[in-house]
Amino acid sequence: MIRFCLAAILLASCVTAQSQDRWLHVSGRSWHDQPGFNGHNWGLGLEQRINQHWSAAAGMYHNSLDRTTTYGLMKHHWWHNGSAQININLGLATGYDLRPAAPVVLPELCAGWVCGLFVPAIGANTTSALALYLRIPIW
């Protein structure tokens, strides 16, 4: 799975020479609809804009089940107005289920550097959550 994450990060940083829109993802906090889940989800990722409507992202974080998650996403920028935007993330994430990687669809709202994701339950032993992370512009 480390190879998957590294390949996705490479894709996210090399996918286009046309755009200089890159962000560092700094994962941090989540709130769950059931008690007993880890709410401190520290991690790092990279995102690279492909065109006006799409970007690719990949990274790793400590998930709500106290496991390491690697993720690779295609992010559709559904609506934006200045620094506010609504995105739909489509991709794969590890660390939640018996499968090596679970498909995910994650709605996202960003305002400036702060983004919030709605995370539906992934598998039988999980819960729905709201997760916040920083999306910091880089080079």
### Task
Verify whether the ring centers belonging to H76 and W54 lie closer than 6.0 Å.
yes
### Task
Could I get the full list of ring-ring contact (aromatic ring centres under 6.0 Å, His included) partners for H25, not counting sequence neighbours?
Y133
### Task
Check the pair R135, E47 against salt bridge (charged side-chain N to carboxylate O under 4.0 Å, His left out), reporting the backbone distance first and the verdict last.
CA-CA 9 Å; R135 187 174 174 237; E47 179 181 341; 2.9 Å; yes
### Query
Any side-chain heavy atom of V104 within less than 4.5 Å of one from Y96?
no
### Message
Show every side chain to side chain donor-acceptor pair (under 3.5 Å) that has at least one partner inside residues 111-122, sequence neighbours left out.
### Response
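For residues 111-122, and leaving out neighbouring residues, there are no side chain to side chain donor-acceptor pair (under 3.5 Å) pairs at all.
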### Query
At what distance, to the nearest 0.5 angstrom, does CG of N87 lie from CG of L117?
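Taking CG in N87 and CG in L117, the distance rounds to 9.0 Å.
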### Message
To the closest 0.5 Å, what do you measure between CD1 (I86) and CD (E108)?
### Response
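Nearest 0.5 Å value for the CD1-CD distance: 10.5 Å.
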### Query
Residues two or more places apart in sequence or in another chain: which of them pass side-chain contact (heavy atoms from CB on, under 4.5 Å) with L130?
none
### Message
With a 6.0 Å cut-off (strictly less than), is the heavy-atom count around CH2 of W78, excluding the residue itself, greater than 12?
### Response
no
### Task
Provide the closest heavy-atom pair for L106 versus F118 in the form atom of the first, atom of the second, distance.
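Answer, listing the atom of L106 first, then F118: CD2-O, 3.6 Å.
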### Query
Which pair of heavy atoms, one from N41 and one from R29, lies closest together, and at what distance?
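Shortest heavy-atom separation between N41 and R29 comes out as OD1-C, 3.8 Å.
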### Message
Is there a side-chain contact (heavy atoms from CB on, under 4.5 Å) between S55 and D21? Walk through the geometry before answering.
### Response
CA-CA 9 Å; S55 62; D21 293 329; over 6 Å; no
